[in-house]
Number of protein chains: 2
Amino acid sequence: MPQAAGPSRSHPATLGDVARLAGVSIATASKALNGRSQVRAETRQRVIEAAERLSFRPNQLARGLLAGRTGTVGLLTSDLEGRFSIPILMGAEDAFGAGEVAVFLCDARGDAIREQHHVRALLGRRVDGLIVVGSRTDPRPSLGRELPVPVVYAYAPSDDPDDLSIVPDNVDAGRIAVQHLLACGRTRIAHITGDPGYLAARERAEGTRAALADAGLALVGEPRFGAWSEGWGRAATALLLDQHPEVDAVLCGSDQIARGVMDVLRERGHRVPEDVAVMGFDNWQVLTSASRPPLTSVDMNLEQVGRAAAHALFTAIGGARRSGVETLPCRVVIRGSTAPLS
Amino acid sequence: MPQAAGPSRSHPATLGDVARLAGVSIATASKALNGRSQVRAETRQRVIEAAERLSFRPNQLARGLLAGRTGTVGLLTSDLEGRFSIPILMGAEDAFGAGEVAVFLCDARGDAIREQHHVRALLGRRVDGLIVVGSRTDPRPSLGRELPVPVVYAYAPSDDPDDLSIVPDNVDAGRIAVQHLLACGRTRIAHITGDPGYLAARERAEGTRAALADAGLALVGEPRFGAWSEGWGRAATALLLDQHPEVDAVLCGSDQIARGVMDVLRERGHRVPEDVAVMGFDNWQVLTSASRPPLTSVDMNLEQVGRAAAHALFTAIGGARRSGVETLPCRVVIRGSTAPLS
DNA sequence: AAATGAACCGAAAAGGCTTTCAGAAAGCTA
DNA sequence: TAGCTTTCTGAAAGCCTTTTCGGTTCATTT
């Protein structure tokens, strides 16, 4: 017995196959499957059943060729390993995924040549738009204005103000962190943060200072810039305690730094949060929940950044182009490492 | 002055535009650009220059429609946040990226319905193949045999032995970990590991036991299953030290657990690695390098798993289908937390 | 019974590319 | 000069779908 024309035969079913099986023309089959109104209900049913039998799915290539839009977007990241790209990527996938859009993922590994190569490949595939995700918040070179499709930059803004960039508001992040510590009754606040070459470090410090100034206060000592590591957190804390034993809160530039800070505080006999409150940035689950006590941290709302970028791209594809850098607010996630002074 | 027909005009250039500008037919233009031999060198040059001027890139949709293959693959992950998907994804992107293949990324969020939806969408886009990436090593439901394109499962194997799965060898991982500890002269080795519901935990424990048996030894106590967390590492270590103070090495089921183990060891006055050696699994950079001392860990070679999966998919697209579960070896990355007994 | 209108259906073109095949041009031999 | 090969070039078909528009069928009206 010859095998019935099933889903697994060499070539997937085409609309022509469906039409033949249903005994109608290709045009009618198309209309039936697409809900056009010029088909008798009974005929439509026959076509639908035929399509079902052949597990027919319309070839999106052909459809895209005709329609001029493909329902695909390119997602260009520079740093997949980094923990910043992923939530953004998820947010974007989320925002698109509900509809009929598919995402091409490309990782340029921080290499401009490779990035250029990927852009060309994506344009060849006729993506409807591009999202460019950076791994740090410092501005990055624009892809240029000559691209035939809209581009949205996420996390790392473009250096061309004519492009649209969606980034978390790091200044505000520093501000709300301090406001939380102030609300806990802390007034002698130190700031230990990361590499001053990172805009994120400088902006968070700026927000910190501004919020303190608003309250008529100042930092305990200067902001201590260093590296984004636990080791730096430990070293800086040792110095801090020697110079300013009166400190009652440490705002850390990242969760990793905070982790190191807390370790040294505990070892030196300071209780967290009773004697010293500690906060971090990024709300990196694996660090915040494993530390003792769990770490209060500022969440940068990266998934929301991704969703916003995807949404902006959508509207840009629809024709409504925006430009400039748009910032999104962050939020404080309160855990055990901060509490009101008793 | 009217704007020259540049790259940024409304519709991207087509082969027809190039041909017209070069003063040849569409067919000749195609042959010239694709290196076919039936074109005079001078003509070819003219065409290439015209294509350059218009920044023409061949429409991959049209090309794919004609060729029957699109040069795209779908990457279906169940858990983007997880740190296992990403290296695999990078390895796959790497293996493909060199050539002309683009990757569609889909995250099913562990939802079978959503997964099915994504598979259908990908097939509609006529991907040439699929890679399915799991977030744990336990077998997962097969997508079925009726798919019109080859499928390779990575990290989490399919439950259908007729599918091809590429996974790290967790039994061997346990084995080489113990061999390293034995080489360091340790003989009183304990094993603190994660959730026994995870195959990875059971397999690593199995390899551990086997390697010890080969050396005529046994674990100190039973393997201690619990959770994949620092908290469990701390709790289990406290118990362990009470019951078996003679222990000279702790093999931990994950780097997180190891981190907790080391904290308690230090607090209880045991030196690492002089008194007790500590090892983890996964080689998760942020944990291994931040701990004191830096943590020796077993790297699961996930990027290699990704590359192997991509490579297998490639050959399967070429027609050479394999099946069964193929395991890849892991490797020990030695850092400060293990050293020979002095 | 003839005419009108509505409801359906199908032929054909379009979209951009590759490939085949036949024809044109040029170079060579006898 | 006629006949042959060699080298290029271009017309056209095909990939799969959607959409337009003209044609067919059938029920209804006069």
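Below, read A as the first sequence line, B as the second, and so on, with proteins coming before strands; counting in each chain starts at 1.
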Whole angstrom value for the distance that separates [atom2] of [N] from [atom1] of [X]:
X: B:R44; N: D:dC8; atom1: CZ; atom2: P; value: 9 Å
X: B:R69; N: C:dC17; atom1: CZ; atom2: P; value: 17 Å
X: A:R46; N: C:dC8; atom1: CZ; atom2: C1'; value: 12 Å
X: B:N34; N: C:dT19; atom1: CG; atom2: C1'; value: 11 Å
X: B:R40; N: C:dA24; atom1: CZ; atom2: P; value: 17 Å
X: B:R20; N: C:dG16; atom1: CZ; atom2: C1'; value: 13 Å
X: B:L33; N: C:dG16; atom1: CG; atom2: P; value: 16 Å
X: B:L66; N: C:dT20; atom1: CG; atom2: C1'; value: 12 Å

Open item on the list: On DNA chain D, does the nearest nucleotide to B:T43 precede the nearest nucleotide to A:G16 from the 5' side, or the other way round? Give the residue.
Closed with: B:T43
Options [options], nucleotide nearest the side-chain atoms of [X]:
X: A:R63; options: D:dT17, C:dC17, D:dG10; value: D:dT17
X: B:L15; options: D:dT17, C:dC17, D:dG10; value: C:dC17
X: A:S30; options: D:dC16, C:dC17, D:dT18; value: D:dT18
X: A:K31; options: C:dC21, D:dT19, C:dG16; value: D:dT19
X: A:L65; options: C:dG15, D:dT18, C:dC8; value: C:dG15
X: A:V39; options: D:dT18, C:dC9, C:dG16; value: C:dC9

Is there a side-chain contact between [X] and the phosphate of [N], meaning an N or O under 4.0 Å from OP1 or OP2?
X: B:T28; N: D:dT9; answer: no
X: B:T14; N: C:dG16; answer: no
X: B:R36; N: C:dT18; answer: no

Open item on the list: Check this for me, if you would: do B:E115 and B:R140 make a salt bridge, where the nitrogen-to-carboxylate-oxygen distance has to be below 4.0 angstrom?
Closed with: yes
Open item on the list: With a 4.0 Å cut-off on N to O distance, would you call A:R321 and A:D162 a salt bridge?
Closed with: yes
TODO: Give one of base, sugar-phosphate or nothing for A:I26, where a contact means two heavy atoms less than 4.0 Å apart.
DONE: base
Open item on the list: Would you say that A:I317 contacts A:L313 through its side chain, given a criterion of any heavy-atom pair below 4.5 Å between the two side chains?
Closed with: yes
Open item on the list: With a sphere of 6.0 Å drawn around CD of A:E100, does it hold more than 12 non-hydrogen atoms of other residues, nucleotides or ligands?
Closed with: no
Open item on the list: By nearest heavy atom, map A:Q38 and A:A27 onto DNA chain C; which one lands nearer the 5' end?
Closed with: A:Q38
Task: Among A:L143, A:D163, A:L164, A:V151, side-chain contact (heavy atoms from CB on, under 4.5 Å) partner for A:S158 - done: A:D163
